[in-house]
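Below is one structure, written out as structure tokens, with a few remarks after it.
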There are 2 protein chains.
Amino acid sequence: MHDMQHEHHECVECPIRHRAVCSRCDAAELHKLEQIKYYRSYQAGQTVIWSGDRMDFVASVVSGIATLTQTLEDGRRQMVGLLLPSDFVGRPGRATAAYDVTATTDLVMCCFRKRPFEELMLSTPHVAQRLLEMTLDELDAAREWMLLLGRKTAREKIASLLAIIARRDATLRLRAPKGQLVFDLPLTREEMADYLGLTLETVSRQISALKRDGVIILDGKRHVTIPDLERLMEEAGDDSDGGVPE
Amino acid sequence: MHDMQHEHHECVECPIRHRAVCSRCDAAELHKLEQIKYYRSYQAGQTVIWSGDRMDFVASVVSGIATLTQTLEDGRRQMVGLLLPSDFVGRPGRATAAYDVTATTDLVMCCFRKRPFEELMLSTPHVAQRLLEMTLDELDAAREWMLLLGRKTAREKIASLLAIIARRDATLRLRAPKGQLVFDLPLTREEMADYLGLTLETVSRQISALKRDGVIILDGKRHVTIPDLERLMEEAGDDSDGGVPE
DNA sequence: CGACAGGTTGAGCGATATCAAGTTACGTGG
DNA sequence: CCACGTAACTTGATATCGCTCAACCTGTCG
């Protein structure tokens, strides 16, 4: 089902060390985490967990991208989470997965056995504090998506998604998002549709329209250039700056 | 702007004592909370906080109902939270409100000054633990709403909202949701529309349709009877039971 | 009694879904 | 290296659900 890699990386060299659920931990706490962690790898397209499955671990995304999706009986799908490096998967205190988790690119996760992790959360407040902070951020992101899903037009939805991916990509590379932005779409048209509450045909048409109008430049189907981020933000319909309050 | 009530209620007699952010606290911790708490009351329709405003407190809803809403520049509104008794308002570590908070009924809140509350969270893990749990629950609810907003039809949206209100009303009264359910809608048609990503006209039409089809019985505009919860759940499109995993 | 907020209903329109036909890119086996 | 198959994507024609605009109803409060 999945490849297991038993290589043992050092936490102190971990690429997500400063952003993940472990970012607040001191050396002693990291040592405890190190004892209950292990890595798992998945290929693009593989399902990590099915909704309803027993889940005996929680995890951080180390590299790659995963999605959370919900499905109605008749097959209608809605993505409800996009997991990037450093994002957390799973819920302490819950036995089964609430959503399908799928690797959309090759994916490496740093897993912690659930029971020891829960005990560790009680004894070392730094993990719980960071997890609360991350969960509050996710809740804000979810509410932003609710606005998008409930009230934005198809064109605005596409522009919003492109803006989010562009900005996120820029921060991952530690470059300020200014001037011309270039990135690759990590999602298929269908995955974008599932994220935006649209059909894949509408996604395709709106991308073509944004291209025709010069808001984006496409090279192939996935490689995107944003000549003017301001313009894209206007198309997204968000109020002005998009600055994240803190 | 708002009435302040300086009456001093005892935490041990508080109606939300067993569900709110303080539910895990022991007597000593409650005593600390009691020293930084105060009550505020708002009338139905009053705005509690505007998005972007400085927020010097966090709070629990004691009685009544409040909403969180986001607005696009051109006036399109999306509700992103429905706050019921015991729900938590505000975010530790953030200076300004991210959403408009409005009292839809008369509302009483138990407020804690933000700075002391944040310090208390560091010293007493029970508050932070409970807040994490509540935030994870809210995140699940938000993701459920994303599915509704992105993929459900107008009729399914209305049925879903009615089912949620019915069940929640039943649990607040501590009665198992079986047989015939009766409750009053706490929201206007417009508020329902803002919650569901619809127009108020569509809300009105779909409610009329559900009434015509015998799924609900209306007495006046707000008083609802659900003769068959199973039937309503089917109309909502959710898979079967709707049981909350834990 | 009049005014107004909340709610209902109708007619027509438009954005997005649906159904369908192609196109492009890419890997695989001959 | 080419032919084939397939997944991803694009584009067109048509259908439909929910929106918009508008009129009207109902209950409440002064």
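Since the structure is predicted, the reported quantities are computational estimates derived from the model, not experimental observations.
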Collect all protein-nucleotide pairs involving nucleotides 9-14 of chain C in which both atoms are nitrogen or oxygen and the distance is under 3.5 Å.
residue : atom : partner  : partner atom : Å
C:dT9   : OP2  : B:Ser208 : OG           : 2.7
C:dG10  : N7   : B:Arg205 : NH1          : 2.7
C:dG10  : O6   : B:Arg205 : NH2          : 3.1

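- Protein atom NZ of B:Lys211 is 10 Å distant from nucleotide atom C1' of C:dT8, rounded to whole Å.
- Rounding to the nearest 0.5 Å places OG1 of B:Thr153 at 9.0 Å from CD of B:Glu235.
- Where A:Thr199 and B:Lys221 each meet DNA chain C at their nearest nucleotide, the meeting point lying more 5' is that of B:Lys221.
- Atom CZ of B:Arg77 is surrounded by 12 or fewer heavy atoms from other residues, nucleotides or ligands within 6.0 Å.
- Separating the CD atom of A:Glu191 from the P atom of D:dC9 is a distance of 8 Å, rounded to the nearest angstrom.
- Annotation: cation-pi geometry not satisfied between A:Arg167 and A:Phe183 (NZ/CZ under 6.0 angstrom from ring centroid, within 45° of ring axis).
- Taking a cutoff of 4.0 Å between a charged side-chain nitrogen and a carboxylate oxygen, A:Arg91 and B:Asp140 qualify as a salt bridge.
- The distance from atom CE of B:Met192 to atom P of C:dG6 is 15 Å, rounded to the nearest whole Å.
- Applying the side chain to side chain donor-acceptor pair (under 3.5 Å) test to every pair with at least one member in residues 56-68 of chain A, sequence neighbours left out, gives no pairs at all.
- Using five terminal pairs a side, the axes of the helix from C:dC1-D:dG30 to C:dG30-D:dC1 at its two ends make an angle of 30°, given in steps of 10 degrees.
- Here the closest heavy-atom approach between residue B:Pro186 and residue B:Glu191 is recorded as O-OE1, 4.2 Å.
- Nucleic acid contact for A:Gly197: sugar-phosphate only, since backbone atoms but no base atoms lie under 4.0 Å from a heavy atom of the residue.
- Residue A:Arg222 is classed as a sugar-phosphate contact, given heavy-atom separations below 4.0 Å to backbone atoms only.
- Rounded to whole Å, atom P of D:dC19 lies 13 Å from atom CD of B:Glu190.
- A salt bridge links A:Arg155 to A:Asp213: one of the charged nitrogens lies within less than 4.0 Å of a carboxylate oxygen.
- Residues A:Ile16 and A:Val62 come closest through the heavy atom pair CG2-O, 3.7 Å.
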